[in-house]
Enquirer: 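Dropping a structure here in structure tokens format, bear with me for questions.
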Amino acid sequence: MDFEFTLFEMLEMENLFKESREEALAPQFCEKLASSFSYAPSRAGKEAITPRQVQSWFQDRLKKSQPQVASSNMALKLLTNLSDASTSFGATESSQKLKGNASDLSELIFEALSSKDNAWYDVASFLNYRVLCSGELEVRVRFAGFRNTDDEWVSVRRAVRERSIPLEPSECQRVKVGDLVLCFQEREERAVYCDAHVLEINRHLHDINSCRCTFVVRYDHDDIEENVQLDRLCRRPTP
């Protein structure tokens, strides 16, 4: 099926399928759901959904074996319980922490970890999901600004999280020694955002428009230490 549903839409259909698979195949039900998805904020700027596309998704879902249904249900539980994990989605001032409702996903903006370079990139869309034999849920992501040839399967628990937040000069006091931050690592061969921990902070007097403090960070993936300015740091959302 060439058409791509968002992760939120697939999770919503999975829940509806679990509740009543027979009703989910009814034309009127599919028409109502397609209309609801097409006008949802999460589909702004995307192609509208037709009832036939919804019905095809449910028909494909029906063909799967019972063990796969059980695995999918377990995967949904894993996803909605991510707030309890050490790498869980946090909460920002503009969005609430996940509490188990798939609809909450439409309010969050995510970043995902690429296995190719250990860097985090903004997620443009979730294309599909699958459950491994271990029960781990993976999603196929399209990174913002990249082509479909760069799509990757990533672990929801270990490689998807709410997007990090750039710091303003007036917010430098929010950064503490020991904090996990997303830091812009610039090398001759690449310039990417990677996880790092703050080792030391040298604070200086400054105004609200510019920060003169320096931060010693150690990148998690290669243990390299570096002195950086605030404009290269993004903080993690506060739990």
Side-chain angles (χ1 to χ4, degrees), residues 4-11 40-46 78-129 137-148 150-172 174-176 179-186 190-198 211 215 217 219-221 228-239:
E4 295 171 349
F5 287 103
T6 66
L7 179 62
F8 160 68
E9 291 162 352
M10 288 188 291
L11 290 173
S42 59
R43 185 151 282 275
K46 296 184 176 68
L78 281 174
L79 180 62
T80 54
N81 287 338
L82 279 178
S83 57
D84 295 329
S86 59
T87 54
S88 63
F89 304 128
T92 65
E93 297 175 355
S94 61
S95 62
Q96 296 182 343
K97 191 174 182 179
L98 282 175
K99 297 180 180 178
N101 296 323
S103 59
D104 291 336
L105 290 172
S106 63
E107 301 175 8
L108 301 177
I109 303 176
F110 298 98
E111 61 191 18
L113 181 65
S114 171
S115 61
K116 298 177 181 178
D117 57 8
N118 294 303
W120 291 88
Y121 298 91
D122 289 348
V123 174
S125 61
F126 294 98
L127 307 176
N128 207 337
Y129 74 96
L137 175 64
E138 289 190 339
V139 287
R140 189 164 183 81
V141 299
R142 178 155 302 162
F143 298 109
F146 289 82
R147 299 172 297 178
N148 58 358
D150 296 307
D151 296 346
E152 286 187 47
W153 286 102
V154 301
S155 166
V156 168
R157 186 175 293 279
R158 293 179 285 105
V160 179
R161 66 189 185 189
E162 192 176 354
R163 193 169 69 181
S164 301
I165 305 169
L167 285 155
E168 298 293 334
S170 60
E171 297 180 303
C172 68
R174 301 188 66 164
V175 182
K176 310 294 184 184
D179 281 358
L180 169 67
V181 293
L182 189 65
C183 185
F184 186 66
Q185 186 185 53
E186 193 168 10
R190 71 172 198 166
V192 293
Y193 280 92
C194 301
D195 276 343
H197 279 81
V198 179
C211 176
F215 303 83
V217 301
Y219 295 102
D220 288 3
H221 67 284
V228 300
Q229 300 296 315
L230 185 73
D231 60 2
R232 287 176 57 181
L233 301 180
C234 295
R235 66 178 177 85
R236 297 297 304 133
T238 305

Enquirer: If every non-hydrogen atom of Asp195 is compared with every non-hydrogen atom of Trp120, which pair is closest and at what distance?
Expert: OD2-NE1, 3.1 Å
Enquirer: Do the side chain of Glu162 and the main chain of Ile109 share a donor and acceptor less than 3.5 angstrom apart?
Expert: no
Enquirer: Which residues satisfy the side-chain hydrogen bond (donor to acceptor under 3.5 Å, both in side chains) test with Ser114, sequence neighbours excluded?
Expert: Glu152
Enquirer: With Lys176, which residues qualify under side chain to side chain contact (heavy atoms under 4.5 Å, CB included), at least two apart?
Expert: Asp179
Enquirer: What verdict does the side chain to side chain contact (heavy atoms under 4.5 Å, CB included) test give for Val141 and Trp153, after you've listed the backbone C-alpha separation in whole Å, the side-chain angles of each residue and the deciding distance to 0.1 Å?
Expert: CA-CA 6 Å; Val141 299; Trp153 286 102; over 6 Å; no
Enquirer: Can you name the residues that form a ring-ring contact (aromatic ring centres under 6.0 Å, His included) with Tyr121, not counting sequence neighbours?
Expert: Phe143, Phe146
Enquirer: Compare every heavy atom of Leu167 with every heavy atom of Val175, then report the nearest pair and how far apart it is.
Expert: CG2-CD1, 3.6 Å
Enquirer: Considering residues at least two apart in sequence or located in another chain, which fulfil the salt bridge (charged side-chain N to carboxylate O under 4.0 Å, His left out) criterion with Glu138?
Expert: Arg130
Enquirer: Under the side chain to side chain contact (heavy atoms under 4.5 Å, CB included) rule, collect the residues that match up with Tyr219, sequence neighbours excluded.
Expert: Cys183, Gln185, Arg187, Cys194, Ala196, Val217, His221, Asp222, Ile224, Glu226, Val228, Arg232
Enquirer: Please answer whether the main-chain N or O of Arg235 pairs with a side-chain N or O of Arg174 as donor and acceptor at a distance below 3.5 Å.
Expert: no
Enquirer: Hey, does Val123 have a side-chain heavy atom less than 4.5 Å from the side chain of Ser125?
Expert: no
Enquirer: As an exercise, state the distance from CG of Leu180 to NE2 of His197, rounded to the nearest 0.5 Å.
Expert: 4.5 Å
Enquirer: Go through the structure and list residues passing side-chain hydrogen bond (donor to acceptor under 3.5 Å, both in side chains) with Asp151, not counting sequence neighbours.
Expert: Arg142
Enquirer: Would you say Val156 and Tyr129 make side-chain contact, with heavy atoms under 4.5 Å?
Expert: no
Enquirer: Got a sec, which residues hit salt bridge (charged side-chain N to carboxylate O under 4.0 Å, His left out) with Asp220, two or more places apart in sequence or on another chain?
Expert: none
Enquirer: For Asn128, what residues pass the side-chain hydrogen bond (donor to acceptor under 3.5 Å, both in side chains) criterion, not counting sequence neighbours?
Expert: none
Enquirer: Holding to side chain to side chain contact (heavy atoms under 4.5 Å, CB included), I want the full list of residues that pass it with Tyr193, two or more places apart in sequence or in another chain.
Expert: Leu182, Phe184, Cys234
Enquirer: Nearest 0.5 angstrom please: Ser155 OG to Leu113 CG, how far?
Expert: 9.5 Å
Enquirer: Can you sort out the partners of Phe215 under ring-ring contact (aromatic ring centres under 6.0 Å, His included), two or more places apart, ordered by chain and number?
Expert: none
Enquirer: The criterion is side-chain hydrogen bond (donor to acceptor under 3.5 Å, both in side chains); which residues satisfy it with Arg147, sequence neighbours excluded?
Expert: none
Enquirer: Can you list everything that forms a salt bridge (charged side-chain N to carboxylate O under 4.0 Å, His left out) with Glu186? Sequence neighbours excluded, please.
Expert: none
Enquirer: Could you pull out the closest heavy-atom pair between Glu111 and Ser164, with the gap in Å?
Expert: OE2-OG, 2.8 Å
Enquirer: Could you tell me which non-hydrogen atom of Cys172 sits nearest to which non-hydrogen atom of Leu230, and how far apart they are?
Expert: CB-CD2, 4.0 Å
